[in-house]
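Every chain is numbered from 1, with letters handed out A, B, ... down the list of sequences. FYI, side chains are in, hydrogens and waters are out, and symmetry mates aren't considered; it's all heavy atoms of this structure.
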Amino acid sequence: MTEDIFSVETTYFADVILPVPIPRMFTYRVPRHFVADIKIGARVIVQFGRNRVVTAVVGKIHTKPPEKYQAKYILELLDTDPLITEAQLWLFEWIAEYYMCCIGEVMNVAVPSGLKVSSQSRMQLNPDFDHPELLEEKEIEFIEILKVHNSLTYDDAIKFIGEKNINPLIKSLISKHAIIMYEEVKEKYKPKVAKKIRLKRGYEGSEEVLNLIDSLTKSPKQQTIILEYLRYVPINELAEKNNLGIDKSALKQGEISDSALSTLIEKGILEQFEVIVSRFGDDTPEEPLKITLTDAQQAASDDIIQNFAEKDIVLLHGITGSGKTEIYIDLIQKVLDGGSQVLYLLPEIALTTQIVVRLKRVFGDKMGVYHSKFSDNERVEVWRGIVDGRYQFVVGVRSAIFLPMDNLGLVIIDEEHETSYKQFDPAPRYHARDVGIMLGLKQGAKILLGSATPSIESYYQAKTGRYGLVTLNQRFGEAQLPDIQLVDLKAERKAKNMKNDFSSILFNQIHQNLQNKEQTIIFQNRRGYSPYLNCQECSWVSECQQCAVSLTFHLQSKELRCHYCGHKEEVPKVCPVCGSGKIRTIGFGTEKLEDDLKIMFPTARTQRMDLDTTRTKNAYQNIISEFEQGGTDILVGTQMISKGLDFDQVSLVGIFDADRMIHFPDFRASERAFQMLTQVSGRAGRRAKKGLVMIQTNNTQQSLLQKVVTNDYIGYYNDEILEREGYMYPPFARIISITIKHEEEEKAEKAAHWLANKLLEKLGKARVLGPEKALIERIRNKFLFDILIKLEKDKLNIKAAKSFLREKIDELHQTKEHKDVDVVVDVDAV
DNA sequence: AGCACGCCGACT
DNA sequence: GTCGGCGTGCTC
């Protein structure tokens with residue numbers, strides 16, 4: 001906003017992005033005193049609706065007054081430098097359009113809530129009020145309270161009055177001009193401060209200090225404090241170092257009493273002051289790590305760089321344990337040296353582990369970490385660190401793509417096949433891999449995708465030459481790929497060899513492994529003890545009241561839990577239908593395997609790692625550290641254990657329920673099964689020792705399993721790509737999944753049919769599948785119907801198709817019968 | 001999404 | 001007669 005600031009007559013308007021799911025911007029008037037400073041990307045505070053005050057981001061500045069309504073004024077301008085860069089705004093808009101959501105929803109996930117503003121309505125007396133005779137008794141009472149407290153929030157007022165509904169009272173007082181409401185606006189971000197202690201001026205000379213100590217002989221406690229202080233700040237360095245002071249907490253380590261310390265402060269000898277510190281500490285990294293690549297790694301690295309000369313995107317297909325991280329580090333180093341920024345994306349779980357420590361040792365404080373378990377304040381610090389140029393390199397999870405980097409030279413997306421890169425629940429339902437690619441391309445960066453089991457989509461792009469392809473077929477160092485064996489459950493059952501759910505072959509191997517003092521991993525991708533309970537007399541099954549799924553039995557918490565809506569209930573002692581006590585568990589989850597193992601191997605140290613044991617911030621890390629240090633013999637876990645963890649001493653991996661993964665009714669089931677089996681197998685035998693993997697299955701002839709055994713990714717890919725082509729699934733088509741929800745099944749079904757028919761008219765029936773009942777037909781008391789749209793990549797104008805879809809959904813919501821159904825659109829659903 | 005307005009049931 | 005239930009519609 002520079003060109004027109006002299007034309008005082010011009011009125012400016014700003015179209016702002018509000019954090020609400022409404023697919024448009026809102027126009028506000030720019031007050032004259034903000035005209036000179038307001039910029040696109042700056043945060044503003046505006047009133048939205050009658051009583052809401054929200055933080056918005058300026059998307060556009062113009063002079064065209066809205067025709068149909070009176071624009072409200074912007075209340076406050078929060079940034080003189082834009083918080084959101086133009087590059088980010090562009091990306092937000094791209095996401096909103098591509099994933100068919102509102103830009104406000106994108107803004108909501110992108111901006112850490114620490115950068116949003118909290119506002120609270122406060123009320124106070126109107127100093128000009130001079131008609132007390134207008135007030136009623138209740139009102140006078142409240143005015144008296146307000147006189148004592150100066151100002152109150154709404155909640156305060158409720159407490160003092162002792163009633164829930166104070167609205168009429170407040171409204172009446174406002175209309176009588178007895179009180180006024182105002183908004184207190186404050187930033188949520190609070191810098192972290194450290195309390196520090198130093199000698200007050202006049203005492204920091206060596207002579208003065210010695211005199212001071214002498215003078216304190218009668219107050220030995222105080223003397224000790226001064227002496228303690230001098231341990232940290234030696235007397236001969238007082239002149240330079242006293243100013244910095246020392247942490248109050250450090251001083252209080254010794255036998256220091258609080259009262260003696262405060263006496264010294266009161267006497268004006270010591271003083272306490274506060275400094276703003278980083279939440280990430282200034283942990284001086286342990287000795288810096290220098291990476292040397294093996295020949296194979298070096299070759300791959302060279303290959304990647306060569307590919308980058310022609311292609312923006314390269315897929316690195318490196319088998320588990322091939323040491324992809326070292327290659328990344330080497331590349332990151334090079335890009336940073338060239339003065340560009342680097343973004344390194346990892347799936348959530350892989351980030352909590354050793355990798356951050358390792359990266360920190362290489363990159364020190366140039367590196368920012370962005371994790372979802374971080375608090376808001378920590379996120380804001382990473383954000384600010386990037387803006388201030390402190391962080392040239394960020395390693396982070398999915399949402400790190402929203403950080404304000406504007407000079408990217410390299411984007412790395414590790415474990416690119418991971419479906420957790422796709423946000424599912426609240427919109428925007430974006431895929432961080434695809435957005436990361438977009439983000440990188442826009443900034444002229446190179447993009448490196450890495451995986452041992454690439455997604456079919458990415459591998460296809462590489463095979464057809466759109467991405468470069470680099471393959472790394474050799475494990476790092478001495479390590480070899482494990483032997484993978486299929487255990488024939490049918491035969492084991494026939495021979496009556498099963499011990500609970502363990503085949504004798506696996507059982508014996510675990511036993512052997514324990515004797516050898518080697519570690520075992522047991523993989524079962526299902527948590528809880530058993531997926532349902534069943535009455536032997538009347539065939540009752542534990543079911544969720546709100547969802548069409550069974551309730552999982554959790555032994556540890558002694559509960560039945562719904563994994564979809566979170567509903568919990570007590571475990572019934574007798575069958576709730578027939579009163580029989582013969583209730584049994586059916587099927588098994590991690591809890592049961594853990595339980596069985598504890599019974600079968602009572603002396604083994606067994607640990608479980610799944611969502612239930614890793615709820616708290618450090619639980620995950622603790623389990624892993626314990627395992628790494630050899631404190632655990634057998635680790636039982638869900639897919640959590642398969643994500644990029646390096647365990648050196650694991651010589652046996654046992655895999656349960658592989659068949660269920662393979663036969664899941666979804667076109668991606670086999671892809672996911674292959675990836676999961678290969679990744680979990682990859683945890684075995686990572687150093688020198690050759691590991692063993694045992695997969696229990698009812699069908700040892702299964703072709704997918706055969707490919708897992710021979711580690712034949714390409715063979716698997718060749719099979720799968722034919723299927724995909726035959727049925728027009730990705731990568732040959734884009735899919736958009738539409739879910740219609742309503743409490744009444746019939747309403748949901750009818751609306752779904754209405755919409756599907758409308759879509760059919762234009763798209764044809766090859767492109768519109770369904771509607772059909774969702775796999776889980778009811779969740780949280782809403783019935784779900786799915787429509788799947790397949791849009792061929794080459795022949796179709798995807799943008800036009802999407803806007804057509806948008807139109808039809810709007811139309812649906814305008815018809816009387818269907819307007820109250822929920823419609824969820826998921827572009828590129830995984 | 002929130003939030004107010006508005007029109008119907010069960011209570012002082 | 002009022003409180004308060006949640007359906008409906010709007011927000012610059």
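- Between A:Trp90 and A:Trp94, the ring planes lie parallel to each other; the angle is under 30°, not in the 30° to 60° tilted range.
- Residue contacts shown for A:Glu105 are absent, as no nucleic acid heavy atom lies under 4.0 Å away.
- One interatomic measurement links the two molecules: CG of A:Asn108 to C1' of B:dG2, which rounds to 12 Å at whole-angstrom precision.
- Taking only distance into account, the side chain of A:Tyr69 meets the base of C:dC12 through a donor-acceptor pair shorter than 3.5 Å.
- One finds the CG atom of A:Leu611 at 9.5 Å from the CD atom of A:Gln639 (value rounded to the nearest 0.5 Å).
- Within 4.0 Å of A:Pro21, counting heavy atoms only, lies at least one base atom of the nucleic acid.
- In this structure, CE of A:Met107 is placed 18 Å from P of B:dA1, rounded to the nearest angstrom.
- The aromatic rings of A:Phe13 and A:His62 lie parallel to each other, with less than 30° between the two planes, well short of the 60° mark.
- Distance A:His813 NE2 to C:dT8 P: 13 Å, rounded to the nearest Å.
- As a whole-Å value, the separation of A:Met25 CE from C:dT11 P is 18 Å.
- Taking atom CZ of A:Phe48 as the reference point, atom C1' of B:dC3 lies 10 Å away to the nearest angstrom.
- The residue A:Arg29 sits apart from the nucleic acid: no heavy atom pair falls under 4.0 Å.
- Distance, A:Glu743 CD to C:dG7 P: 9 Å, rounded to whole Å.
- A straight line from NZ of A:Lys64 to P of C:dC12 spans 18 Å, rounded to a whole angstrom.
- Judged by the 6.0 Å distance and 45° axis criteria, A:Lys802 is positioned over the aromatic ring of A:Tyr98.
- A:Leu18 comes within contact range of no nucleotide atom at all, as no heavy-atom separation falls under 4.0 Å.
- Here the P atom of nucleotide C:dC6 and the CG atom of A:Asp820 are 16 Å apart, to the nearest Å.
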